[in-house]
Structure formats: structure tokens, C-alpha cells
Amino acid sequence: MIAPLPVGATIGILGNGQLGRMLAEAAARLGFDVSVYGPEPDSPASRVVALEVRADYTDLDAVIAWGKACDVVTYEFENVPVATAQALIDAGVLVRPGAKPLEMAQDRVIEKTFLKQCGIPTADFAGIGAASEIETPLNQFGGKGILKTRRDGYDGKGQVRLVAGDDFEEAHHALAYAPAILEAFIPFEKEVSVLIARGADGETRVWDIPENGHVNGILRTSTVPAEVTESTSQETKRAAKALAEALDYIGVLALEFFVLENGDVVANEFAPRVHNSGHWTPEACATGQFEQHIRAVAGWPLGLVTRYHDVVMENLLGDEILSTDQRLAAGEIVTLYGKREAKPGRKMGHSVRRLT
Ligand code: AMP
């Protein structure tokens, strides 16, 4: 067991978007120095930390030199190359939660195979290398499916809905002929996620589960508590625990589910990092996801996740941040990410409304 980091140690974060920014703020509150690493100039995280290295994830010399100056390295971005995390580990840098969660989360076929191995139900799926491989599994799945790129898909990008008889060549063309996965279409009633923290000592804490509303594949709202039965909620928590344990995970992870009409759950994907559907936790709970992740990777005791409020978290996309004044006046708690340009659909901030 590695000793807890001393007060004032340096936490390195791979990735410098809004999640890195909110992790850095939480770390600063606990007295840590934070250093971020990522390729983007003028990033949300770089503007709240004193230390930054701006270089590509594939620049191993740069990343190792940076990592050696940190007491622990974590990540806010699940597409950090596995080779980068492994190179840091091989160079003696403490990386939490390690390279395996990245490896398991980056490729949808590997991810779903791993979830099943953990005893977590997923949609039926098949790896697709060419359009000619779609028809047979699609028929097995009842003629309805979703074709997704195996890698690099996010916010619903890189996916096409299919029904039997569609032009499969055109569908695969729409994904630029990338290696793909065909998933059975799940006729879900709602979507929920579960956020779990696992400490360096293996202790776990699970927040109450949010119900997530997506529009065009992008998360719009998380409402807590989700309207699900106790057994559905328990099942998501059991699954999250099994996953965190199988990964020997240290930190916060999110596991997303479809909930069927009968209350059964089917896992969609997991994110080995703090997650958008947990952005309400700092405003509603004894400990928020960002502080909890920092405590975990520092080897510090986890905080309680007792929830004090029912809440709705809403993402502010593009020029929706122009409504900030009215939201603040109405008593909402707004967090803005400091992004310079409000492109349509871009996550610019979020707002939390306490209902109780
Ligand atoms: P993903 O990129 O996998 O997070 O998918 C984005 C959204 O597409 C999900 O939040 C669902 O609303 C929908 N979706 C993804 N996979 C499936 C599926 N197998 N069946 C039905 N809907 C899906």
C-alpha cells in the first residue's frame, strides 16, 4: 500500500478541458499543487493552475519528464493513449487509476466484452469490419441496431441507426469505414448512470443515481433522484462495484445504463473519470465527484456521499450561457468552463437547480 500523498503534493492531470479544470479547483481547495498536460492552447484547465505542459499525448519524452515532476498522475480524458499511461507507469510514475481502465474503455467491443466478464449485462453486439458483416447480426438482433465506431465516438457522434433492409454500405461509409460495432437497439424507458468512487484502500462509495436526458446524443439534464425502483438502483450499484473492483480502480468512474420497462438494466458504456452526469454532486452532496476523485488518487480517505438536495443539473450548450444572468437571479448555481468560443452544441457550462 502506497502512503497517502502529503499536504502540498503535486497532482498531475492528463487532459485540460472542463473536467480537468474542476478537478484542479477541488485539488487546490485541499492544498495540492496541480499540473496539467495536454495539447490544446488556452485551455479551460490551464487557466486555473500554475503549472502546465502543452504537448501531445504521444510525446513520450515530454510526458515522462512532466509525470516525474508530479507525485501522482490522473486523467480527465478517456482517450489518453494507453501507451502514454503505460510509459509513465514504466518510468516509475504513480498513475491512478492506471492504464487498464483506458484500455477497457477506449474500444467499444473490448469494453462490452469486459463488462460482460464482470457479470454486467450489455446489448448484444458484433464487431464489424465491413458492410457485408452487418446483415447477419442485425437479423439476429431482431432487425434493429446501432452501428457505432469502435473508438473515438462521443456525444452520439460516429453512430448510425439501422433497420433490416437499409443500405449498409452507406451506413459504414458514414463512419468513414472505420472499424465498427453493431449493437442491438435497446428499447429503453430511461437512461441512468451510476458514479462510484473507489479509494486506494479498496473502499467504495456510490452516489444516488441520476436520470439522464440526452438530445441528439448529448447529455442535456441529470435529475436526482432517478425515478427507478430500489432494485434497479441496487443493480446499478452492484454493477459499478463489480466493475471498479475488476479494474482495481482508484478514483471516480461512471457507468451508464439503459433502464427497460420491467426495471432491468443494460449497461451502455463506462467512463474511467469524473463524468458530466455527476456535475450536480458538489452542489447536492457531502462530497462532490471532483473532490472525491482527488481524495482517492491522493490516497486520502473518501468523503461521505450523503445527498442533501433533490436537483436538476442542466448543461449549457453554445450560446445558452447567455442565460447565465437569469439563472443566477433565479437562484441556480452556475459553473462556467471559461471556453473562449461558444460554438453550437459545445458544452460551455452547467447549472444546478436545487428542488428541495
Ligand atoms: P453512446 O455514444 O453510446 O453514449 O450513445 C449515445 C446515445 O445513443 C445513448 O445515450 C442512447 O440514447 C443512444 N443509444 C446508444 N446505444 C444504444 C442502443 N444500443 N440502443 C438504443 N439506444 C442507444
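Because only heavy atoms are used, hydrogens play no part in the values below, and waters and symmetry mates are left out as well, while side chains stay in. First listed ligand is number 1; within each ligand, the first listed atom is number 1. Every value quoted in this text rests on a predicted model; they were computed, and no experiment measured them.
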| request: Using non-hydrogen atoms of the residue, decide whether A184 is closer than 4.0 angstrom to ligand 1. | output: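 In this structure, A184 qualifies as a contact of ligand 1 - some heavy atom is under 4.0 Å.
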| field | Sub-4.0 Å heavy-atom approach of K148 to ligand 1 | value |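 Yes, K148 has heavy atoms under 4.0 Å from ligand 1.
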As an exercise, identify every atom of ligand 1 less than 4.0 angstrom from a heavy atom of [X].
{"X": "E191", "value": "9 (C), 10 (O), 11 (C), 12 (O)"}
{"X": "I186", "value": "18 (C), 19 (N), 20 (N), 21 (C)"}
{"X": "F188", "value": "12 (O), 21 (C), 22 (N)"}
{"X": "E183", "value": "16 (N), 19 (N)"}

Ignoring hydrogens and geometry, is there a side-chain-to-backbone donor-acceptor pair from [X] to [Y] under 3.5 Å?
{"X": "R205", "Y": "G303", "value": "yes"}
{"X": "R150", "Y": "P179", "value": "no"}
{"X": "R295", "Y": "L30", "value": "no"}

| said: Over 60° means perpendicular and under 30° means parallel, so tell me whether Y177 and H172 are parallel, tilted or perpendicular. | reply: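 Judged by the thresholds at 30° and 60°, the geometry between Y177 and H172 is perpendicular.
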Taking distance alone, with no angle check, do [X] and ligand 1 share an N/O pair under 3.5 Å?
{"X": "R108", "answer": "yes"}
{"X": "F185", "answer": "no"}
{"X": "E256", "answer": "no"}

| query | With respect to atom 7 (C) of ligand 1, which of G145, S193, G217 exhibits the smallest heavy-atom separation? | reply |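 Of the listed residues, G217 has the closest heavy atom.
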| query | Out of H214, K144, Q159, whose heavy atom sits nearest atom 6 (C) of ligand 1? | reply |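 Checking each option, the heavy atom nearest atom 6 (C) of ligand 1 is found in Q159.
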| Got a salt bridge between E235 and R238, using NZ or NE/NH1/NH2 to carboxylate O under 4.0 Å? |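 Looking at R238 together with E235, the answer is yes, because their closest N to O distance falls below 4.0 Å.
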| said: Under 4.5 Å between side-chain heavy atoms, counting indirect links through other Ile/Leu/Val/Met/Phe/Trp/Tyr residues: same cluster for V305 and I196 or not? | reply: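 No, because V305 and I196 fall into different hydrophobic clusters, even though each may have its own neighbours under 4.5 Å.
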| request: With heavy atoms under 4.0 Å as the rule, classify the contact between N268 and ligand 1 as side chain, backbone, both or neither. | output: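 Contact part for N268 vs ligand 1: side chain (C-beta onward).
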| query | Where's the contact between I146 and ligand 1, heavy-atom distance under 4.0 Å: side chain, backbone, both or neither? | reply |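 The side chain, only.
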| said: Ignoring hydrogens, what is the shortest heavy-atom contact between T356 and H309? Give both atom names and the distance. | reply: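 Shortest heavy-atom contact: O-ND1, 2.7 Å.
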| request: Kindly write out the residues that satisfy side-chain hydrogen bond (donor to acceptor under 3.5 Å, both in side chains) with S323, not counting sequence neighbours, or none if the list is empty. | output: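 If we apply the side-chain hydrogen bond (donor to acceptor under 3.5 Å, both in side chains) test to S323, skipping adjacent residues, the hits are R327.
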| field | ring pair (Phe, Tyr, Trp, His ring centres under 6.0 Å) contacts in which one or both residues fall within residues 332-356, not counting sequence neighbours | value |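 Passing the test, one end in residues 332-356: H279-H350, Y337-H350.
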